[in-house]
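Worksheet for the structure shown next.
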Amino acid sequence: MNNFKLRSINMLDIKQMIAEILEEKISSLSSEDIYNMLEYPPDDKMGDVALPCFKLSRILRKSPVQIAEELVNEIPANPRIEKVEAVSGYLNFFLDKVSFIEDVLSTVLKEQDRYGASNIGKGKNIVIDYSAPNIAKPFHIGHLRSTAIGNSLYKIFKFLGYNPVGVNHLGDWGTQFGKLIVAYKEWGSKEAIENGGIKELMAIYVKFHEEAEKDPSLEDQAREWFVKMEKGDPEALELWQWFKDISLKEFNKVYDLLDITFDSYAGESFYEDKMPAVIEELKEKNLLTESEGALIVDLEEYNMPPCLIVKKDGSTLYATRDIAAAIYRKNTYDFEKCIYVTGAAQSLHFNQWFKVIELMGYDWHDQLIHVPFGIVSLGGEKLATRTGKVVLLEDILDQAINKTLEIINQKNPNLENKEEVARQMGVGAVIFSDLSNNRIKDVSFSWEEMLNFDGETGPYVQYTHARACSLLRRAEKEVDPNFDAKLLSTYEEFKVVKTLYLFPDKIMAAMKELEPSIITRYLVDLAQDFNRFYHEHPILVEDDTLRNARLALVSAVRDTLKNGLQLIGLSAPERV
RNA sequence: GCGUCUGUAGCUCAGUGGAUAGAGCGUUGGACUCCGACUCCAAAGGCCGCAGGUUCAAAUCCUGUCAGACGCACCA
């Protein structure tokens with residue numbers, strides 16, 4: 001037939017089915033054109049799939065109303081279509097509910113934890129660079145965004161058959177270590193740092209910035225220390241390693257709580273010995289210019305400020321390391337895409353060095369993708385380590401977990417595994433909240449919202465999943481896959497099935513747009529549809545066949561919720 | 001000054017150029033002798049920042065404008 005089946009990974013592509021029917025009747029258009037014109041009506045009462053005929057109007061030189069009315073009579077009877085209606089220029093298809101429900105539920109029951117999965121990415125490597133906290137700075141709510149988004153993209157690519165490589169590009173190199181060394185020597189003490197950890201490191205870092213306002217020579221000292229680091233000075237490197245060890249210990253505590261891992265922790269320092277070759281290559285390719293004592297790549301032609309490669313004191317910069325890292329990753333992983341999850345504030349930086357890669361003649365420059373996200377503010381003020389204005393992620397997670405534990409103690413005090421479930425839900429609430437909005441939007445952190453678990457929240461979806469699990473436990477019998485779809489005849493049941501049907505498409509959209517929030521919002525929709533059904537209709541009824549049919553629906557919802565939660569990095573506890 | 005992003009219900013936000021712009025929170029009023037009330041139902045609440053333009057059709061595309069955020073050489 002046609003070779004464009006891959007536009008959807010959905011095994012039951014209803015648009016495809018309808019496009020093929022219409023192709024026979026609209027000779028001037030391919031089934032692909034028709035497919036792209038089809039849409040889902042805004043209201044179920046209007047139908048399940050619609051063809052707006054306005055565009056056809058010009059081609060067929062008839063009014064849209066006329067086209068719809070003519071087509072409606074030409075559609076042959078089809079067991080999967082209940083009826084077709086022409087309404088003011090729209091051709092509306094109503095699916096045969098019984099066969100649709102049967103198709104969708106059978107698919108989910110068969111696929112289970114693979115429902116929505118695919119192998120379209122087979123053999124393709126995707127490097128995802130996320131989290132990347134700075135050594136010696138605390139892990140705060142702002143860092144969570146990169147971590148949560150990157151982790152979710154990792155799971156999404158994996159579910160679609162790709163081979164993702166999660167890289168934690170630790171901020172473990174750069175001038176801030178010079179500042180830290182100066183600060184440590186001026187105001188720090190070994191004991192205080194060993195006891196206080198990152199908090200103490202941050203304190204002396206903040207003090208450095210306060211003092212540097214009065215005494216700018218401190219900045220010069222800091223730069224000197226960084227130059228020493230790059231030259232391999234033993235004292236500088238020993239302090240650096242010490243700061244790094246302390247920081248990593250605390251970061252790993254947070255990653256354990258979040259249940260997030262990485263395939264590589266190659267940070268900025270890893271590229272230290274790879275930069276000279278890059279600088280050499282840039283010189284050979286005649287891209288470097290000297291300007292005010294520094295070496296730059298001029299990008300005026302591309303309407304961008306120059307990209308700094310080497311400072312006047314001979315040390316390197318962020319861009320230098322990113323270029324070296326990109327080349328290293330291409331050689332090491334042969335990626336199809338290399339994705340950088342960082343704040344939108346860095347957009348120019350990425351555009352600049354992506355252009356440098358292009359100018360170097362690498363045809364894979366367009367495989368480098370910046371995935372920006374908005375900033376987190378606190379009561380209207382930007383979070384900044386330098387001023388000490390931060391909300392520590394660990395504090396947020398602790399509070400969310402404690403609150404969950406309180407609720408469990410109140411409502412379900414005999415729950416086994418209380419502590420672990422409280423962790424899963426508390427952490428879930430925080431991650432879910434972070435992945436709820438389009439990533440580009442700025443977010444204003446609010447304790448009140450973060451700790452409110454009602455409505456569109458992680459605990460709501462997790463609770464719904466646990467409720468479905470509870471029903472299946474109480475049933476005390478496996479769901480018979482030969483359920484009778486005819487018995488699922490109510491609107492609420494059909495609505496749940498329609499939403500289940502959309503899951504694979506949502507995963508595809510989330511991957512294409514690199515936007516985990518598509519899945520987060522989908523889960524809320526599915527949970528809402530399911531809860532409405534749950535309230536309207538008893539499930540554990542006497543009638544065995546009806547009971548089995550409804551449990552088949554419950555089972556499909558449970559699996560889909562679980563798969564979706566997994567894709568955004570949340571656990572799906574069976575009892576809460 | 002230049003550039004990028006964002007303006008949708010009181011608040012936080014959805015909304016692939018198509019039909020009557022949707023959720024949640026909050027407010028008000030309802031539903032637990034009933035499968036788990038972290039649930040559900042209902043009501044109120046909108047010149048989709050503003051002005052032009054393109055189109056049969058614009059919250060969505062284009063231009064301008066206003067407001068906010070971010071960025072613009074030795075920080076990352």
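Predicted model, so just to flag it, every value in this text is computed and none were measured. Reminder, nothing fancy here: chain letters follow the sequence lines and each chain counts from 1.
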[atom1] spacing across the pair [N] / [M], given as an integer number of angstrom:
N	M	atom1	value
B/U8	B/G15	P	14 Å
B/C72	B/U65	P	24 Å
B/A23	B/G68	P	33 Å
B/C61	B/G71	P	26 Å
B/C40	B/G3	C1'	49 Å
B/A59	B/C50	C1'	14 Å
B/A19	B/A76	C1'	50 Å
B/U16	B/C11	P	23 Å

Identified stems (criterion: three or more consecutive Watson-Crick or G-U pairs, under 3.5 Å), RNA chain B: B:1-7 with B:66-72, B:10-13 with B:22-25, B:27-31 with B:39-43, B:49-53 with B:61-65

How many whole angstroms separate atom [atom1] of [X] from atom [atom2] of [N]?
X	N	atom1	atom2	result
A/Ile375	B/U6	CD1	P	14 Å
A/Lys441	B/G15	NZ	C1'	10 Å
A/Phe373	B/C13	CZ	C1'	19 Å
A/Asn437	B/C11	CG	P	15 Å
A/Glu492	B/C41	CD	C1'	12 Å
A/Glu456	B/A23	CD	P	10 Å
A/Leu348	B/C70	CG	P	16 Å
A/Ile67	B/C56	CD1	P	14 Å

Side chain of [X] (C-beta onward), nearest among [options]:
X	options	value
A/Glu39	B/A23, B/U16, B/A69	B/U16
A/Asp454	B/U6, B/U39, B/G24	B/U39
A/Gln176	B/A76, B/A73, B/C41	B/A76
A/Leu317	B/C75, B/U12, B/C40	B/C75
A/Ala345	B/C41, B/A76, B/C70	B/C70
A/Asn531	B/C72, B/C40, B/C75	B/C40
A/Arg521	B/A76, B/A23, B/A14	B/A14

For nucleotides 29-36 of chain B, print each protein N/O atom paired with a nucleotide N/O atom at under 3.5 Å, atom names and distance only.
residue: B/C35; atom: O3'; partner: A/Arg474; partner atom: NE; Å: 3.2
residue: B/C35; atom: O2; partner: A/Ile539; partner atom: N; Å: 3.1
residue: B/C35; atom: O2; partner: A/Leu540; partner atom: N; Å: 2.9
residue: B/C35; atom: N3; partner: A/Ile539; partner atom: N; Å: 3.1
residue: B/C35; atom: N4; partner: A/Tyr534; partner atom: O; Å: 2.2
residue: B/C35; atom: N4; partner: A/His537; partner atom: O; Å: 3.0
residue: B/G36; atom: OP1; partner: A/Ser470; partner atom: OG; Å: 3.1
residue: B/G36; atom: OP2; partner: A/Arg474; partner atom: NE; Å: 3.0
residue: B/G36; atom: OP2; partner: A/Arg474; partner atom: NH2; Å: 3.3
residue: B/G36; atom: O2'; partner: A/Tyr463; partner atom: OH; Å: 2.4
residue: B/G36; atom: O2'; partner: A/Arg467; partner atom: NE; Å: 3.4
residue: B/G36; atom: O2'; partner: A/Arg467; partner atom: NH2; Å: 3.4
residue: B/G36; atom: N7; partner: A/Ser470; partner atom: OG; Å: 3.3
residue: B/G36; atom: O6; partner: A/Val576; partner atom: N; Å: 3.3
residue: B/G36; atom: N1; partner: A/Val576; partner atom: O; Å: 2.7
residue: B/G36; atom: N2; partner: A/Val576; partner atom: O; Å: 3.2

Give a yes or no on whether [X] atom [atom1] has more than 12 heavy-atom contacts from other residues, nucleotides or ligands under 6.0 Å away.
X	atom1	value
A/Asn303	CG	no
A/Arg473	CZ	yes
A/Glu574	CD	no

Short side-chain N/O contact from A/Asn438 to OP1 or OP2 of B/A14, under 4.0 Å: yes

Minimum-distance pair of heavy atoms, taken over all atoms of A/Ala86 and A/Val72: N-CG2, 3.9 Å

Touch class at under 4.0 angstrom, heavy-atom based, for A/Tyr460 against every strand present: sugar-phosphate

Sugar-phosphate, base or nothing in reach of A/Ile440, heavy atoms under 4.0 Å: sugar-phosphate

Under 3.5 Å donor-acceptor pair, A/Thr175 side-chain atoms to B/A76 base atoms: no

Presence of donor-acceptor pair under 3.5 Å, side chain of A/Asn92 and base of B/A19: yes

Contacts under 3.5 angstrom, residues 520-527 of chain A side chains, donor-acceptor by atom type, not counting sequence neighbours:
residue: A/Thr520; atom: OG1; partner: A/Leu435; partner atom: O; Å: 2.8
residue: A/Thr520; atom: OG1; partner: A/Pro516; partner atom: O; Å: 3.4
residue: A/Arg521; atom: NH1; partner: A/Ser436; partner atom: O; Å: 3.3
residue: A/Arg521; atom: NH1; partner: A/Ser517; partner atom: OG; Å: 3.3
residue: A/Tyr522; atom: OH; partner: A/Thr499; partner atom: O; Å: 2.6

Determine the interplanar angle of the [X] and [Y] rings, folded into 0 to 90°, and report it as parallel if under 30°, tilted if 30 to 60°, perpendicular if over 60°.
X	Y	result
A/Phe354	A/Tyr340	tilted
A/His140	A/His143	tilted
A/His169	A/Tyr271	tilted

Nearest-nucleotide 5' precedence on RNA chain B, A/Pro42 against A/Ile296: A/Pro42

5′-ward residue of the pair A/Ala50/A/Ser315 relative to RNA chain B: A/Ala50

Option passing side chain to side chain contact (heavy atoms under 4.5 Å, CB included) with A/His370 (candidates A/Thr342, A/Asn351, A/Leu514): A/Thr342

From A/Ile519 atom CD1 to A/Met511 atom CE, the distance as rounded to the nearest 0.5 Å: 11.0 Å

Criterion side chain to side chain donor-acceptor pair (under 3.5 Å) against A/Glu493, the qualifying member of A/Arg550, A/His537, A/Lys498: A/Arg550

cation_pi(A/Lys355, A/Tyr302) dist<6.0 Å, angle<=45: yes

